[in-house]
S.K.: 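I'd like to ask you about the structure that follows.
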Amino acid sequence: SQKIEQNSEALNIQEGKTATLTCNYTNYSPAYLQWYRQDPGRGPVFLLLIRENEKEKRKERLKVTFDTTLKQSLFHITASQPADSATYLCALVGGTGGFKTIFGAGTRLFVKA
Amino acid sequence: DTGVSQDPRHKITKRGQNVTFRCDPISEHNRLYWYRQTLGQGPEFLTYFQNEAQLEKSRLLSDRFSAERPKGSFSTLEIQRTEQGDSAMYLCASSRGGASGSTDTQYFGPGTRLTVL
């Protein structure tokens with residue numbers, strides 16, 4: 001069955017450091033992959049999208065890589081700030097022409113001042 | 001653009017009762033999704049619509065769950081004969097949609113938190 005795994009443990013880092021979150025998947029060939037941010041009690045907010053034929057995408061302090069051979073995506077936040085503390089969700093989309101979206105369980109990030 | 005809205009924000013019901021949730025998508029969006037999320041988990045796909053057509057439905061969705069989008073605008077999700085296991089956050093998202101092979105960014109509403117006693 002299709003499975004997405006994200007760091008199950010919370011990630012604690014010091015302000016100013018780079019946070020790296022991992023998303024691994026099995027039994028799936030997505031058309032593209034997305035990362036979302038979710039704060040407690042709120043809906044997810046879209047951050048970045050990367051297609052299957054792209055290796056890397058950047059947006060301000062965010063960077064996403066996508067390795068379809070390893071079936072893995074890495075999400076980096078550089079110069080992290082306490083305001084970056086949240087849960088980050090990886091989502092896989094499509095692969096068969098449809099738009100069914102499968103989310104990972106998310107990784108909680110805590111950035112300490 | 002007022003964003004995706006959901007109503008109610010919170011619902012407490014007794015086991016066995018029926019509940020209905022409403023989602024109003026962003027006005028120009030033709031695709032609408034429903035998800036369920038429990039504590040510590042990511043959103044779990046339930047179903048999605050392209051305009052008024054329901055294109056895919058999760059096998060996890062039992063026959064107690066039904067969703068409609070009659071005019072291709074707002075959508076309702078009904079749960080019949082609620083069970084305690086139905087307690088969760090129910091999220092709605094919408095997107096502009098596009099042809100197969102295009103990308104699709106989803107904008108989420110605040111969710112409806114359901115508690116079944």
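Heavy-atom basis, side chains included; hydrogens, waters and symmetry copies ignored. The model shown is predicted, which means the values in this text are computed figures rather than measured ones.
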S.K.: Within the supplied structure, the quantity of interest is the number of heavy atoms (other residues, nucleotides, ligands) at a distance under 6.0 Å from A:Leu70 CG; does it exceed 12?
M.R.: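 Yes, the 6.0 Å shell around CG holds more than 12 heavy atoms from other groups.
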
S.K.: Flag yes if more than 12 heavy atoms outside B:Lys11 fall under 6.0 Å of its NZ atom; otherwise flag no.
M.R.: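 No, the 6.0 Å shell around NZ holds no more than 12 heavy atoms from other groups.
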
S.K.: If you group Ile, Leu, Val, Met, Phe, Trp and Tyr by side-chain heavy-atom gaps below 4.5 Å, do A:Leu47 and A:Leu92 land in one group?
M.R.: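 Yes, one cluster joins them.
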
S.K.: Looking at every heavy atom in both A:Leu89 and B:Pro43, which two are closest together, and how far apart are they?
M.R.: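 Taking A:Leu89 first and B:Pro43 second, the nearest heavy atoms are CD1-CD, 3.9 Å.
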
S.K.: Check the hydrophobic clustering (I, L, V, M, F, W, Y; side-chain heavy atoms under 4.5 Å; chains of links allowed) and say if B:Phe74 and B:Ile26 are grouped together.
M.R.: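 Each belongs to a different hydrophobic cluster.
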
S.K.: Got a sec: does the CD of A:Gln14 have more than 12 other heavy atoms crowding it under 6.0 Å?
M.R.: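 Counting other residues, nucleotides and ligands, CD of A:Gln14 exceeds 12 neighbours.
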
S.K.: Please report the closest heavy-atom contact between A:Thr101 and B:Tyr33, naming both atoms and the distance.
M.R.: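 Distance-wise, the nearest heavy atoms are OG1-CE2, 4.3 Å.
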
S.K.: Hydrophobic clustering (ILVMFWY, side-chain heavy atoms < 4.5 Å, transitive) - are A:Leu62 and A:Tyr88 grouped together?
M.R.: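 Same hydrophobic cluster.
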
S.K.: Can you confirm whether more than 12 heavy atoms, excluding those of A:Glu56, are under 6.0 Å from its CD atom?
M.R.: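 Atom CD in A:Glu56 is packed in, count exceeds 12.
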
S.K.: Select one option (side chain, backbone, both, neither) describing which atoms of A:Ile102 are under 4.5 Å from chain B's heavy atoms.
M.R.: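 Neither part.
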
S.K.: CZ of B:Arg64: more than 12 outside heavy atoms within 6.0 angstrom?
M.R.: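 More than 12 heavy atoms, drawn from other residues, nucleotides or ligands, come within 6.0 Å of this atom.
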
S.K.: Given a strict heavy-atom distance threshold of 4.5 Å, which part of A:Gln6 is in contact with chain B: side chain, backbone, both, or neither?
M.R.: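 For A:Gln6, neither part sits under 4.5 Å from chain B.
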
S.K.: Around atom CZ of A:Arg37, are there more than 12 heavy atoms of other residues, nucleotides or ligands at under 6.0 Å?
M.R.: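 Yes - once you tally the heavy atoms of other residues, nucleotides and ligands closer than 6.0 Å, there are more than 12.
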
S.K.: What are the residues of residues 105-117 of chain B, in order of number, with any heavy atom under 4.5 angstrom from a heavy atom of chain A?
M.R.: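 Listed by number: B:Thr105, B:Gln106, B:Phe108, B:Gly109, B:Pro110.
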
S.K.: Quick check for you: among B:Glu44, B:Met89, B:Gln37, B:Gln50, which has the greatest number of heavy-atom pairs under 4.5 Å with chain A?
M.R.: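 Most heavy-atom pairs under 4.5 Å with chain A: B:Gln37.
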
S.K.: For B:Leu91 and A:Gly43, which heavy atoms make the closest approach, and how far apart are they?
M.R.: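 What the structure gives for the nearest pair is CD2-CA, 4.0 Å.
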
